[in-house]
**Student:** 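Let me begin by handing over the structure; questions about it come next.
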There are 2 protein chains.
Amino acid sequence: MEGLPEFDLTGFTPYRAAVAAQFLSERLAREYRSRFGISIPDWRVLVHLAHSGGASVRDIENAVVMEKSKVSRTASRLESRGLIAKRPQARDRRLVHLTLTEEGRALMRELLPLAAAFQAKLESVLGADFESFDRTLGRLIEMQAGEDPF
Amino acid sequence: MEGLPEFDLTGFTPYRAAVAAQFLSERLAREYRSRFGISIPDWRVLVHLAHSGGASVRDIENAVVMEKSKVSRTASRLESRGLIAKRPQARDRRLVHLTLTEEGRALMRELLPLAAAFQAKLESVLGADFESFDRTLGRLIEMQAGEDPF
DNA sequence: AAAATTTCATTGCATATGCAACATTGCTGT
DNA sequence: ACAGCAATGTTGCATATGCAATGAAATTTT
């Protein structure tokens with residue numbers, strides 16, 4: 001009647017990774033969404049700007065793994081909220097240079113310690129497993145960019 | 001001028017997990033999207049039905065971590081494609097019993113081996129890291145349901 | 001230097017998503 | 001048995017998303 005191979009989604013690594021990642025993201029996003037009205041795309045763009053000091057849409061697309069249209073719209077939203085500034089660039093006028101405003105920096109001075117604390121807590125909870133977990137994540141991320149064994 | 005804490009998204013575990021999970025999902029989804037027109041929500045519902053033999057929307061919502069409206073719409077789509085059947089239940093007429101059609105089972109006889117091969121390949125590529133990686137995923141998944149240390 | 005090609009960012013559009021209503025049915029307690 | 005409450009699935013609606021097309025500017029080719 002059945003004739004189907006036995007297969008349990010619960011043990012399937014892509015599924016497990018998706019659920020685990022969703023848990024981590026949502027757990028964190030809950031904080032900065034409810035307290036600061038910041039979504040995950042917002043967060044990624046803001047962090048990259050905090051880290052780099054300034055970047056183009058394309059830079060961010062490459063750095064934080066987001067579609068360029070998503071970056072573009074996120075940037076517009078953040079600009080209209082006064083958190084970042086968009087400035088056409090003199091040298092190459094196709095580029096739009098994005099930077100945090102002072103208000104944006106003030107926000108990040110609150111957000112970044114929160115994220116650092118989350119990371120520390122996570123590492124402490126995972127304990128001995130963390131190092132290997134993190135290393136494996138790194139291997140998977142590299143596969144995305146470089147050679148893909150599948 | 002800056003006065004911002006140093007923070008690199010690239011080393012942030014929630015971000016890394018999201019990118020790694022996205023890679024795995026997309027890598028796999030590429031196959032069954034292009035070859036069978038199946039999305040990830042489709043896939044999750046189909047797998048659960050293949051595994052359980054039949055389930056309600058609520059069952060699936062709980063089993064595969066999807067919003068019930070998403071499950072509902074996915075089920076409608078799959079029904080209109082002839083891959084699953086929706087049947088009101090006699091005992092509790094709020095429930096809708098979902099099962100694979102013969103066509104759906106035929107599809108799963110192709111898809112499931114493909115997924116099993118992907119899993120095997122992944123385990124082989126990750127080698128010694130796999131066990132610890134999988135265990136850590138399990139710990140994170142449990143946190144979602146049970147006690148949350150954050 | 002003109003034309004063709006490439007790069008960058010934005011926008012239009014169709015679809016997907018999450019959340020909150022909603023209608024229906026079942027269950028609980030009195 | 002009946003009123004109130006809970007559970008189930010669907011739908012409406014506002015927003016988010018991905019992809020392709022576009023416009024504008026730079027680069028490369030001839």
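We name chains A, B, ... by the order of the sequence lines, and we start the count at 1 in each one.
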**Student:** Does B:K70 put a side-chain nitrogen or oxygen below 4.0 Å from OP1 or OP2 of C:dC19?
**Tutor:**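 Indeed not, no polar side-chain atom of B:K70 lies that close.
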**Student:** Please compare A:E67 and B:D92 by the position of their nearest nucleotide in DNA chain D and report the one closer to 5'.
**Tutor:**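 In this pair, the answer is B:D92.
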**Student:** Kindly work out whether a path of hydrophobic side-chain contacts (I/L/V/M/F/W/Y, heavy atoms less than 4.5 Å apart) joins B:L95 to B:L78.
**Tutor:**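 Looking at the clustering, B:L78 is in a separate group from B:L95.
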**Student:** Ignoring hydrogens and angles, are the base of D:dG9 and the side chain of B:R93 linked by a donor-acceptor pair under 3.5 Å?
**Tutor:**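 Absent.
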**Student:** Quick one: the side chain of A:R73 and the base of C:dG12, do they pair up donor-acceptor inside 3.5 Å?
**Tutor:**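 Under the 3.5 Å cut-off, the side chain and the base do form a donor-acceptor pair.
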**Student:** A:R58 CZ to D:dA24 P: how many Å, rounded?
**Tutor:**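 Rounded to whole Å, this separation is 20 Å.
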**Student:** Whole-Å distance between D:dT17 P and A:I40 CD1?
**Tutor:**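 Atom CD1 in A:I40 sits about 9 Å away from atom P in D:dT17.
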**Student:** In whole angstroms, how far is the P atom of C:dA16 from the CE atom of B:M66?
**Tutor:**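 So the two atoms are 12 Å apart, to the nearest Å.
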**Student:** What orientation do A:Y32 and A:W43 show, parallel under 30°, tilted 30 to 60°, or perpendicular over 60°?
**Tutor:**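 Rings of A:Y32 and A:W43: parallel, under 30°.
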**Student:** Just how far, in rounded Å, is P of C:dT7 from CG of A:D59?
**Tutor:**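 Interatomic distance, CG of A:D59 to P of C:dT7: 15 Å.
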**Student:** Any non-hydrogen side-chain atom of A:F36 less than 4.5 Å from a side-chain atom of A:D42?
**Tutor:**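 No - every pair of side-chain heavy atoms lies 4.5 Å or more apart.
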**Student:** Does B:E61 reach the side chain of B:S72, with side-chain heavy atoms less than 4.5 Å apart?
**Tutor:**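 No, their side chains stay 4.5 Å or more apart.
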**Student:** B:P41 or A:L95: which one's nearest nucleotide on DNA chain C is closer to the 5' end?
**Tutor:**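 Closest to the 5' end, via its nearest nucleotide, is A:L95.
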**Student:** Any base atoms under 4.0 Å from B:R91, or only sugar-phosphate, or nothing? Heavy atoms, all strands.
**Tutor:**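 Contact class for B:R91: sugar-phosphate only.
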**Student:** For the helix from C:dA1-D:dT30 to C:dT30-D:dA1, how many degrees between its two end axes (five pairs per end), to the nearest 10°?
**Tutor:**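 Taking the rotation axis at each end, their angle is 30°.
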**Student:** Can you confirm whether A:P41 sits close enough to A:M66 that some side-chain heavy atom of one is under 4.5 Å from a side-chain heavy atom of the other?
**Tutor:**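 Side-chain contact under 4.5 Å: yes.
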**Student:** Any Lys/Arg nitrogen of B:E103 or B:R109 sitting under 4.0 Å from an Asp/Glu carboxylate oxygen of the other?
**Tutor:**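 No, B:E103 and B:R109 are not salt-bridged.
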**Student:** Using OP1 and OP2 only, check whether a side-chain N or O of B:S72 sits under 4.0 Å from D:dT10.
**Tutor:**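 For D:dT10, OP1/OP2 do have a side-chain N/O of B:S72 under 4.0 Å.
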**Student:** Over how many whole Å does the gap from A:R77 atom CZ to C:dA9 atom C1' extend?
**Tutor:**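 My rounded result for the distance is 16 Å.
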**Student:** Quick one: A:E61 CD to D:dT17 C1', roughly how many Å, whole number?
**Tutor:**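 One finds 14 Å between C1' of D:dT17 and CD of A:E61, rounded.
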**Student:** Pick the closest DNA chain C nucleotide for B:Q89 and for A:K86 by heavy atoms, then say which residue is nearer the 5' end.
**Tutor:**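 Whichever sits nearer the 5' end wins; that is A:K86.
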**Student:** Could you give the CZ-to-C1' distance, from A:R30 to C:dG18, as a whole number of Å?
**Tutor:**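 Interatomic distance, CZ of A:R30 to C1' of C:dG18: 16 Å.
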**Student:** NA contact type, A:S56, heavy-atom cut-off 4.0 Å: base, sugar-phosphate, or nothing?
**Tutor:**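 Since only primed, P, OP1 and OP2 atoms lie under 4.0 Å of A:S56, the category is sugar-phosphate.
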**Student:** Roughly how many Å is it from CG in A:D42 to C1' in D:dT15, rounded to a whole number?
**Tutor:**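 Spelled out: CG on A:D42 to C1' on D:dT15 is 13 Å.
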**Student:** Under the side chain to side chain contact (heavy atoms under 4.5 Å, CB included) test, which residues partner A:S25, sequence neighbours left out?
**Tutor:**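 Counting only residues at least two positions away or on another chain, A:S25 forms a side chain to side chain contact (heavy atoms under 4.5 Å, CB included) with A:I40, B:A18.
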**Student:** Within the structure provided, determine whether A:V47 and A:L112 are in side-chain contact (heavy-atom separation under 4.5 Å).
**Tutor:**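 A side-chain contact exists here, since the closest heavy-atom pair is under 4.5 Å.
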**Student:** Mark yes or no for a side-chain to base donor-acceptor pair under 3.5 Å between B:R94 and D:dA7, with no hydrogen or angle criteria applied.
**Tutor:**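 Such a pair exists between side chain and base.
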**Student:** Closest-nucleotide mapping onto DNA chain D: is A:K68 or B:A75 further toward the 5' terminus? I mean the 5' end.
**Tutor:**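 First, find each residue's nearest nucleotide; the 5'-ward one identifies B:A75.
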